[in-house]
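Small disclaimer: the values here were computed from a predicted structure and weren't measured. Order of the sequence lines sets the chain letters (A, B, ...), proteins ahead of strands, with each chain counted from 1.
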Amino acid sequence: MDRIFTDQLGTWKRSLYCGEPRADAVGRELILVGWTQRRRDHGGLIFVDLRDRSGLVQVVFNPEVDAAAHEKARHIRSEDVIAVRGVLARRPPETVNPDLATGEVELLVHEVRLLNASEVPPFPVEDESDATENMRLKYRYLDLRRPRSLAPLVLRSRLTKLIRDYFDSHGFIEVETPVLTKSTPEGARDYLVPSRMYHGKFYALPQSPQLFKQILMVGGLDRYFQIVRCFRDEDLRADRQPEFTQLDVEMSFIQPDDIIDVIEGMMVLLFKELKGIDMPRPFPRLSWAEARARYGNDKPDLRFGLELKDFSACFAKSQIKVFANVLAAGGIVKGIAVPGGASLSRKELDDMTSFATNYGAKGMAWIKLADGEWQSPIAKFFTDVEREEIVRITGAKSGDLILFIADNDKVVHDSLSNLRLLLGEKLDLIDRNRYSLVWIVDFPLLEFDPAEKRYVAVHHPFTSPLDEDLALLEGEPLKVRSKAYDLALNGMEVGGGSVRIHQVDLQRRILELLGIRREEAEAKFGFLLEALSYGAPPHGGIAFGIDRLAMIFSGAQSLRDVIAFPKSQKAVCMLTEAPTPVDPRQLRELGIKTTGD
RNA sequence: GGGGUCGUAGUUCAGCUGGUUAGAACGCCGGCCUGUCACGCCGGAGGUCGCGAGUUCGAGUCUCGUCGGCCCCGCCA
């Protein structure tokens with residue numbers, strides 16, 4: 001039978017949040033409102049734990065204090081919304097609850113108003129509850145009543161407040177750019193919005209406000225920032241949502257160092273205010289080439305070692321066919337020396353091998369070093385010279401393990417960088433209380449896409465080449481480095497940007513190099529090219545993943561924890577079940593027919 | 001598009017090599033209880049084992065397909 005509460009709040013005003021009453025308020029009459037976390041009915045006495053976002057307080061219904069209130073309290077159940085008026089009392093000494101911030105006091109209720117009955121919740125609304133994420137997201141409003149679930153959103157609120165104040169005090173202007181904008185080639189798949197006014201035409205949701213912020217620089221704003229939602233229609237990961245929030249920044253008349261300087265100031269402030277940590281400046285910098293050589297990727301986690309070592313020279317004449325063949329074909333052999341790794345079991349090594357195959361590796365060779373003896377399926381193929389070289393390169397000693405991957409450059413670095421992270425976790429080498437911040441600079445401007453058989457921009461097509469590499473554009477474009485920079489935090493890319501091209505002829509040359517035909521360039525980027533031709537200042541900027549920052553600062557394991565209503569891995573909103581079909585009339589208005597597959 | 005893993009009561013889970021009436025805890029409902037705070041005690045209800053085929057005398061268990069959650073590859077300028 002449905003329970004229906006009909007009491008009204010009336011003129012009652014909350015005196016304090018539930019988590020606030022302390023001994024100094026004893027004797028005061030208070031009005032408290034909130035949700036019933038738990039009712040303990042002793043027949044005579046009824047205790048109710050009243051909860052709101054600030055915490056819990058015990059309220060007591062005693063028939064000797066007020067018989068009517070006590071009678072009403074018999075009907076209270078979990079998650080009912082109630083308001084109580086009563087006198088705050090000091091608890092009897094033996095009943096003080098030291099685990100509760102409000103544990104020294106309790107409210108003796110004189111009157112209760114039952115404001116709204118709740119269905120039985122599908123999971124207990126308590127921090128200790130082990131509800132699955134599935135349930136938590138479907139009933140996010142229940143989940144958010146738990147302090148542990150709300151905390152990351154509170155932190156996120158402080159984070160964006162600090163960022164806004166920081167940029168405001170440094171002379172930046174926050175400008176909102178369109179959400180309904182233009183689809184552009186390159187980059188991620190666009191979310192499209194059909195136009196009702198122009199059947200067959202579409203807006204795109206922005207992947208980032210990139211072009212608008214550059215136009216703002218041409219407009220003379222000089223310093224712009226925005227905390228802005230961006231959209232990319234690609235598959236999800238633990239650290240990737242289809243809609244996400246970016247801190248977008250752009251400045252005029254600057255060099256990369258100027259952006260880096262502003263951002264370091266921001267990061268130092270955030271670490272100080274949110275974590276109480278004095279982050280030393282300047283942050284370390286690695287060239288893209290060095291990061292890749294030593295860590296295998298462009299977002300290294302510097303909190304632990306296990307650096308990659310290159311054995312290509314050492315194995316040029318190896319008897320190990322795989323190594324020799326790979327090297328002859330222009331590939332490389334690299335590896336990781338794992339201190340103490342000889343204790344890993346055969347099964348663990350097999351698991352690591354199959355892990356490496358995720359990244360294209362065809363196998364993983366290994367050696368366990370034990371008291372001068374080398375244990376390895378391929379031990380007998382190593383010459384004495386090779387053994388000496390391996391020891392010299394790695395500094396490995398007895399008890400250590402050495403892993404090798406032989407393949408092309410991409411596969412070797414992809415698999416080893418992920419093996420490195422796996423080992424860092426597995427061997428517990430990562431100090432969770434430390435933070436690794438590192439700038440990656442001197443990215444290549446272009447890479448060759450074998451699938452599309454053309455050059456593509458590593459950052460984006462508006463990134464400026466390094467001045468000293470301009471001459472290489474015609475002959476050896478892959479050797480051209482760019483004025484791009486990424487900031488990696490704990491092995492995650494949290495920010496990336498560049499100084500842009502501000503001269504229209506250079507911009508046209510780059511678009512040409514990317515294989516974008518002149519007419520297409522005009523159609524897609526004409527407004528930018530035109531803007532550049534009217535006195536665009538040198539400018540550059542950066543974009544930061546606010547969700548990822550919030551995730552790291554709050555210690556969350558998933559981006560979903562720092563987003564109020566995140567999407568599932570299949571890009572579905574678990575709460576609203578979006579996306580859903582629409583009324584055929586809506587489609588007709590938009591001039592859209594679906595194919596039905 | 002691909003790989004892995006999970007799906008059993010409202011919830012979190014157990015259920016060995018296929019076997020007869022599918023369990024536990026918490027929650028829920030009823031009763032008792034004036035110092036509990038994970039209250040306690042007594043009693044009770046609650047299941048399309050995600051869905052669909054198949055194998056079998058017999059399927060929660062095995063096979064195939066499918067749907068969904070999560071992790072990963074591809075993808076993400």
Side-chain angles (χ1 to χ4, degrees), chain A residues 1 37-50 56-65 70 77-79 89 91-100 102-103 106 108 119-139 142 184-190 207-208 210-211 230-242 244 351 354-361 414-415 418 422 443 445-447 449 451-452 455-463 482 484 493 496 498 510 514 516 543 545 557-558 560 567-570 572 574 577:
Chain A
M1 194 170 81
Q37 167 131 339
R38 207 174 262 277
R39 183 187 63 126
R40 291 176 294 279
D41 187 343
H42 288 234
L45 285 179
I46 296 173
F47 299 95
V48 165
D49 290 336
L50 193 65
L56 264 188
V57 65
Q58 174 165 281
V59 302
V60 186
F61 296 88
N62 186 331
E64 292 165 15
V65 172
H70 177 265
R77 295 291 182 273
S78 291
E79 300 312 309
R91 291 198 192 189
E94 67 277 13
T95 67
V96 165
N97 184 347
D99 298 329
L100 214 54
T102 60
E106 60 193 6
L108 306 180
E119 295 291 336
V120 175
F123 57 87
V125 182
E126 295 174 18
D127 271 345
E128 296 73 25
S129 163
D130 47 1
T132 52
E133 195 176 21
N134 210 354
M135 278 290 134
R136 292 175 46 207
L137 293 181
K138 181 170 179 189
Y139 299 98
L142 297 180
T184 53
E186 308 283 300
R189 198 174 290 118
D190 284 322
Q207 297 177 28
S208 88
Q210 180 60 36
L211 298 180
C230 302
F231 306 85
R232 292 177 191 178
D233 188 3
E234 298 292 349
D235 287 351
L236 288 73
R237 290 287 186 280
D239 62 352
R240 253 166 46 190
Q241 283 272 313
F244 60 99
D351 287 348
S354 87
F355 176 80
T357 62
N358 284 341
Y359 303 94
D414 284 356
S415 48
N418 285 294
L422 183 76
F443 279 80
L445 183 72
L446 305 168
E447 61 189 344
D449 182 337
E452 295 201 31
Y455 296 115
V456 293
V458 168
H459 186 51
H460 58 50
F462 319 108
T463 302
S482 71
E493 184 198 325
S498 63
I510 297 291
L514 294 173
I516 298 173
Q557 294 302 304
S558 163
R560 293 183 294 275
K567 304 274 190 292
S568 79
Q569 189 159 45
K570 292 261 170 67
V572 169
M574 301 294 284
E577 296 180 330

Q.
When you measure only distances, ignoring hydrogens and angles, does the side chain of A:Arg40 come within 3.5 Å of the base of B:rU34 through a donor and an acceptor?
A. no
Q: Check if the side chain of A:Arg232 and the base of B:rC75 share a donor-acceptor pair of N or O atoms closer than 3.5 Å.
A: no
Could you state the [atom1]-[atom2] distance from [X] to [N], rounded to the nearest angstrom?
X        : N      : atom1 : atom2 : value
A:Asp351 : B:rG4  : CG    : C1'   : 12 Å
A:Leu45  : B:rC32 : CG    : C1'   : 15 Å
A:Gln58  : B:rG35 : CD    : C1'   : 8 Å
A:Ile46  : B:rG40 : CD1   : P     : 17 Å
A:Glu126 : B:rA38 : CD    : C1'   : 8 Å
A:Leu100 : B:rC39 : CG    : C1'   : 15 Å
A:Gln37  : B:rA38 : CD    : P     : 10 Å
A:Phe244 : B:rC76 : CZ    : C1'   : 9 Å

(Q) According to a cutoff of under 5.5 Å between the ring centres and under 30° between the ring planes, does A:His42 stack with the base of B:rU36? (A) no
Q. Using centres under 5.5 Å plus planes under 30 degrees as the test, is A:Phe123 stacked with B:rU11?
A. no
Gap in Å between the two [atom1] atoms, one belonging to [N] and one to [M], rounded:
N      : M      : atom1 : value
B:rC29 : B:rG46 : P     : 16 Å
B:rC13 : B:rU8  : P     : 9 Å
B:rG7  : B:rU17 : P     : 14 Å
B:rA38 : B:rG1  : P     : 50 Å
B:rG54 : B:rG68 : P     : 24 Å
B:rC49 : B:rG10 : P     : 12 Å
B:rG60 : B:rG23 : P     : 14 Å
B:rG15 : B:rU20 : P     : 16 Å

Paired with [N] by Watson-Crick or G-U wobble geometry, both distances under 3.5 Å: which nucleotide is it?
N      : result
B:rC16 : none
B:rG7  : B:rC67
B:rC62 : B:rG54
B:rG43 : B:rC29
B:rG35 : none
B:rC49 : none

Please identify each residue that fulfils salt bridge (Lys or Arg N to Asp or Glu O under 4.0 Å) with [X], with sequence neighbours left out.
X        : answer
A:Arg237 : none
A:Asp449 : none
A:Glu79  : A:Arg51, A:Arg145

Which value, rounded to the nearest 0.5 Å, describes the distance between [X] atom [atom1] and [Y] atom [atom2]?
X        : Y        : atom1 : atom2 : value
A:Leu236 : A:Ser568 : CG    : OG    : 7.5 Å
A:Arg91  : A:Leu108 : CZ    : CG    : 11.0 Å
A:Ser482 : A:Ile510 : OG    : CD1   : 10.0 Å
A:His42  : A:Phe61  : NE2   : CZ    : 13.5 Å

Q: Could you tell me whether A:Asp190 and A:Arg232 make a salt bridge, using a distance below 4.0 angstrom between a side-chain N and a carboxylate O?
A: no
Q. Does a side-chain N-to-carboxylate-O contact under 4.0 Å join A:Glu133 and A:Arg560?
A. yes
Touch class at under 4.0 angstrom, heavy-atom based, for [X] against every strand present:
X        : result
A:Asp41  : base
A:Glu106 : base
A:Asn62  : base
A:Glu64  : base
A:Thr132 : sugar-phosphate
A:Val458 : sugar-phosphate

Q: Can you figure out which of B:rU11, B:rC37, B:rC76 approaches the side chain of A:Asp49 most closely?
A: B:rC37
Q.
Quick check for you: among B:rU12, B:rU36, B:rG10, whose closest atom lies nearest to any side-chain atom of A:Met135?
A. B:rU12
Q: Start with the C-alpha distance between A:Val120 and A:Arg77, add both sets of side-chain angles, then the distance that settles side-chain contact (heavy atoms from CB on, under 4.5 Å), and finish with yes or no.
A: CA-CA 8 Å; A:Val120 175; A:Arg77 295 291 182 273; over 6 Å; no
Q) Checking side-chain contact (heavy atoms from CB on, under 4.5 Å) for the pair A:Arg136/A:Leu142: CA distance, chi angles, key distance, verdict? A) CA-CA 7 Å; A:Arg136 292 175 46 207; A:Leu142 297 180; over 6 Å; no
(Q) side-chain contact (heavy atoms from CB on, under 4.5 Å), that's the test. Do A:Ile46 and A:His70 meet it? Break it down for me. (A) CA-CA 7 Å; A:Ile46 296 173; A:His70 177 265; 3.7 Å; yes
What N/O pairs connect the protein and nucleotides 42-45 of chain B at under 3.5 Å? Give each pair on its own line.
none

Give me the distances for all protein-to-nucleotides 24-30 of chain B N/O pairs that come in under 3.5 Å?
from	atom 1	to	atom 2	distance (Å)
B:rC29	OP1	A:Arg77	NE	3.2

Q: Using heavy atoms to find the nearest nucleotide of RNA chain B for A:Gly43 and A:Val96 separately, return the residue whose nucleotide is more 5′.
A: A:Gly43
Q.
I need a per-nucleotide contact map over nucleotides 66-74 of chain B, read 5' to 3'. Cutoff is protein heavy atoms under 4.0 Å; write B for the base, S for backbone only, - otherwise.
A. ---SBBBBB
Q) A:Arg38 and A:Gln58: side-chain donor and acceptor closer than 3.5 Å? A) no
Q) Given side chains that start at C-beta, do those of A:Thr463 and A:Leu445 come closer than 4.5 Å, heavy atoms only? A) yes
